[in-house]
Amino acid sequence: MKYEVLRNDPKSAARLGRITTDHGVIETPIFMPVGTAGAVKALTMEQMETTGAQIILGNTYHLYLRPGLEVLRSAGGLHKFGTWQKPILTDSGGFQVFSLAHRRKITEEGVTFASHIDGSKHLFSPERVMDIERTIGADIIMAFDECCPGDAPYEYARQSLDITERWLERCRKRLAETEPLYGYQQSLFPIVQGCVYPDLRRRAAENITALGADGNAIGGLAVGEPTEKMYEMIELTNSILPLDKPRYLMGVGTPANLLEGIERGVDMFDCIMPTRNGRNGMLFTRHGTINIKNAKWRKCFEPIDHGGAHPMDERYTLAYLHHLFKAEELTGLTLASLHNVAFYLWLVGEARKALEEDRFTEWKAGILPELTRRL
């Protein structure tokens, strides 16, 4: 994998970049739609291609349970199985394990957990996760880590970071012992943990920087800590992580979070908000957020978004989308999700244009108040 910095913003830590993988080029800053079980919810791959998506995510925990490794290996990996021929990133399952607190047990060996599907018991060790991610076949794969809560006490966060760092060494060793299964390179990204404690974040970032990985991730944020603490940890971490490697902020977040992250030097983002919130009737637009279920949209025959990020934004009206949600018509979930994903990709695209023209700071200051309005 190759990463190039094309331009640095003169007024902030933001930068314009390009990642080249065996499945194609990723222009950064970029948003990565989440395809938990090998599909971005409610959307087909054909629809995803119309949004301008350059890379999507797969979820190691969910794909391991369903369809399972035998099916994925027989299909030739997730690219062929899901017919997505652009880059794919897989997480390690660490966050899913974090969210299954009542169903898992963490030891030095790894994490034993009960499947949310049938209750069956499974072990995710660093070695096992690397083997699973080899089988899924993503271009970028994440190290196995423990994600502790945003309000964790210091001692818990320190012990969690200790085990994450030991697991990282085992992940790297396992990858060195194995080969990609489908004839193209896979790049391992370590994950900076440390909760909201500056000394832990600094230690993690320094240790990871020394490894010289193809790229690096920032994890354990947007999990209950105050937003300002999140921004503080991003700033601190990015002041240490190498400038010549991409930085991926995991699981974040709102349109405003993306712009604040870009300003602090983040290159890659993912979040379920565009699709999850879309399925619940929230639309993100350049003028603010819309709850399409509200009665005020019942007779609003304006397009979903004038000059929007996707052709469907001009074709369908807000009144029609309101009707679809009230009628519990599944098409409404698809249209809202499609709009939101395209909007997020439009937003990072506009950020790239602003960076190219050395006007990012001014552009961000102008659009941010609009993005945070409720319409």
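What you see is a predicted model, and the numbers here were worked out from it, not measured in a lab. Just so you know, residue 1 is the first one in the sequence shown, and it goes up from there.
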For residues [X] and [Y], is any side-chain donor paired with an opposing acceptor at under 3.5 Å?
X    : Y    : answer
Y61  : D91  : no
E109 : T107 : no
Y64  : N59  : no
S12  : E263 : no

Quiz: residues 368-375 side-chain donor-acceptor pairs under 3.5 angstrom, not counting sequence neighbours:
from: E370; atom 1: OE1; to: R373; atom 2: NH1; distance (Å): 3.3
from: T372; atom 1: OG1; to: L368; atom 2: O; distance (Å): 3.2
from: T372; atom 1: OG1; to: P369; atom 2: O; distance (Å): 3.2

What side-chain donor-acceptor pairs closer than 3.5 Å can you find for residues 148-155, not counting sequence neighbours?
from: Y154; atom 1: OH; to: D199; atom 2: OD2; distance (Å): 2.5
from: E155; atom 1: OE1; to: R158; atom 2: NE; distance (Å): 3.3
from: E155; atom 1: OE2; to: R158; atom 2: NE; distance (Å): 3.2
from: E155; atom 1: OE2; to: R158; atom 2: NH2; distance (Å): 2.3
from: E155; atom 1: OE2; to: Q159; atom 2: NE2; distance (Å): 3.2

Listed by chain and number, what are the ring pair (Phe, Tyr, Trp, His ring centres under 6.0 Å) partners of H310, not counting sequence neighbours?
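For H310, no residue satisfies ring pair (Phe, Tyr, Trp, His ring centres under 6.0 Å) once neighbours in sequence are set aside.
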Electrostatic pair [X]-[Y], nearest N-O below 4.0 angstrom:
X    : Y    : result
E350 : R286 : no
K86  : E49  : no
E177 : K173 : yes

Aromatic ring proximity, centroids under 6.0 angstrom, [Y] and [X]:
X    : Y    : answer
H339 : Y316 : no
Y182 : H79  : no
Y344 : F269 : no

